[in-house]
Number of protein chains: 2
Amino acid sequence: MARTKEFDPDAAVDKAMEMFWANGYAATTPQQLVEALGIGRGSLYNAFTSKRALYERALRRYYERETTRLLQVLDGPGPARERLRAALELLVAAAVDDRERRGCMVTNAAVELADRDEVIAHLVRRTFERQEAAFRSTIEEGQRDGDISADRDAAALAAFFLTTINGIQVLAKADPDPRRLSRLAETALSVL
Amino acid sequence: MARTKEFDPDAAVDKAMEMFWANGYAATTPQQLVEALGIGRGSLYNAFTSKRALYERALRRYYERETTRLLQVLDGPGPARERLRAALELLVAAAVDDRERRGCMVTNAAVELADRDEVIAHLVRRTFERQEAAFRSTIEEGQRDGDISADRDAAALAAFFLTTINGIQVLAKADPDPRRLSRLAETALSVL
DNA sequence: CGTTTTTTGTAACTAGAGTTCAAGAAAGGT
DNA sequence: ACCTTTCTTGAACTCTAGTTACAAAAAACG
């Protein structure tokens with residue numbers, strides 16, 4: 001039949017994801033991609049059609065791969081309140097460790113592209129909805145356990161937490177001060 | 001002596017600001033700028049040196065012109081709590097009315113450029129600090145008046161509000177649902 | 001009114017973006 | 001062994017970004 005691919009497309013998407021994540025969509029060039037993926041220009045376009053299409057795959061990969069840690073913490077064991085704290089602390093730690101300050105690729109995509117590209121916007125919304133749902137079920141669990149006051153609207157609180165984590169991503173881009181971000185997260189938790 | 005400019009540089013910066021605000025830095029081309037400002041390419045570069053330099057001026061203009069409404073509301077009359085609510089509602093209303101979903105140019109700059117451009121990052125931080133300071137003094141006023149519980153750390157609350165407004169900008173990029181944003185703001189206020 | 005100085009519009013230039021294509025090469029089926 | 005298919009490489013192509021050069025023109029001032 002046909003010749004086999006010499007590179008692993010999955011690994012290539014991972015590398016493209018790193019590129020787009022760090023530099024954004026518009027500021028990433030085919031040249032950089034070719035160098036980062038270690039393949040020829042032809043192979044790039046043969047395998048991925050266009051820069052735009054590759055970005056979309058990269059963002060989907062991010063959604064599957066990098067977005068789950070937060071969900072795992074929220075869906076994990078322990079008191080709801082503690083899980084919410086752990087989730088925010090996870091983000092703060094990630095932001096502080098992120099020396100390149102790439103932030104969250106979904107947040108970046110939301111700001112750079114969601115207003116002009118409906119497909120990207122849809123993907124962003126899907127990510128947000130999933131995170132919001134995880135916040136919400138954690139909060140509802142806490143309310144059932146009496147851990148969190150039951151007279152609050154769990155949906156509203158969940159949307160609020162979603163806002164908070166996106167706000168943290170933005171602040172960290174300009175000034176990733178650990179103490180400040182920690183206190184921030186602490187304050188957000190005091191809403192409960 | 002010398003010939004005078006035919007166009008108003010200030011007005012030109014305003015138009016450039018609109019462009020960069022709506023499209024971001026990388027996605028805005030000299031061609032678009034020339035058309036939007038209604039001047040020739042030569043005049044553009046004669047007056048503003050480079051795209052980068054013009055962007056910087058545009059962002060400074062935004063800082064001076066578009067960032068003040070929030071401060072005015074916060075520094076205005078009335079009970080502190082009401083001013084904080086009005087400030088958040090102002091942002092929500094602006095986001096909802098923003099049919100192009102340009103969001104906040106400073107938030108956009110933070111996400112697109114602050115991690116790679118120290119000058120932009122500095123400008124972003126300055127904006128954030130000013131907003132945070134306004135939140136803080138409003139909160140402290142509220143605490144003196146007994147309007148806001150005095151045992152909370154005003155600085156931490158101010159940083160928290162700053163996060164919230166940036167989070168709202170991000171969410172609104174993907175899904176500017178008025179009801180959701182309003183309830184969000186309401187929930188954030190319940191931290192007080 | 002003429003000199004000076006700056007502006008302006010147009011063309012030009014370089015570099016690179018984003019994509020395509022031709023020629024060959026590996027894999028497998030017959 | 002050959003044919004087909006799909007891969008790879010690298011050059012090539014078009015288009016535009018971002019900037020500069022230049023000649024003409026026009027305003028301010030003496």
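FYI, side chains are in, hydrogens and waters are out, and symmetry mates aren't considered; it's all heavy atoms of this structure. Proteins get letters first, then strands, A, B, ... in listed order; numbering begins at 1 in each.
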>> Whole angstroms only, please: what is the CG-P distance between B:L44 and D:dA21?
In response: 16 Å
> Between D:dG18 atom P and B:Y55 atom OH, what is the distance in whole Å?
Replying inline: 14 Å
> How long is the line joining CG of B:L33 and P of D:dT19, in whole Å?
Replying inline: 11 Å
> From D:dT19, C:dT8, D:dC7, pick the nucleotide closest to the side chain of A:N46?
Replying inline: D:dC7
> Contact class for A:G40 vs. all strands (heavy atom < 4.0 Å): base, sugar-phosphate, or nothing?
Replying inline: sugar-phosphate
> Could one point to a donor on the side chain of B:R41 or the base of D:dT19 with an acceptor on the other under 3.5 Å away?
Replying inline: yes
> Does OP1 or OP2 of D:dA17 have a side-chain N or O of B:T29 closer than 4.0 Å?
Replying inline: yes
> Considering only D:dT8, D:dT19, C:dT19, which nucleotide approaches the side chain of B:S50 most closely?
Replying inline: D:dT19
>> Distance check needed: D:dA17 C1' versus B:F20 CZ, whole Å only.
In response: 13 Å
>> Distance to the ring centre below 6.0 angstrom and angle to the axis at most 45 degrees; does that hold for A:R152 and A:F160?
In response: no
>> Measure CZ/B:F48 against P/D:dG18 and give the value in whole Å, please.
In response: 17 Å
> C:dA17 P sits how many Å from A:E35 CD, rounded?
Replying inline: 10 Å
>> Whether B:R61 engages the ring of B:F20 as a cation-pi pair (distance to the six-membered ring centre under 6.0 angstrom, angle to the ring normal within 45°) should be assessed.
In response: no
> Counting any heavy atom closer than 4.0 Å, what does B:F7 reach on the DNA or RNA strands: base, sugar-phosphate only, or nothing?
Replying inline: sugar-phosphate
> Atom CD of B:Q31 and atom C1' of C:dG9: how far apart are they, to the nearest Å?
Replying inline: 13 Å
>> Does the plane of the ring in B:W21 sit parallel, tilted or perpendicular to the ring in B:Y62? Use 30° and 60° as the thresholds.
In response: perpendicular
>> Check for me whether B:R57 meets the cation-pi criterion with B:F48, that is, NZ or CZ under 6.0 Å from the six-membered ring centre and within 45 degrees of the ring axis.
In response: no
>> OP1 or OP2 of C:dT20 versus the side-chain N and O atoms of A:Y45: is any pair under 4.0 Å?
In response: no
> Starting at the 5' end of DNA chain D, which residue's closest nucleotide do you reach first, B:K51 or B:G42?
Replying inline: B:K51
>> Under 3.5 Å, is there a donor on one side chain and an acceptor on the other for B:N23 and A:R116?
In response: yes
> What is the distance from CD1 of A:I39 to P of D:dT9, rounded to the nearest Å?
Replying inline: 8 Å
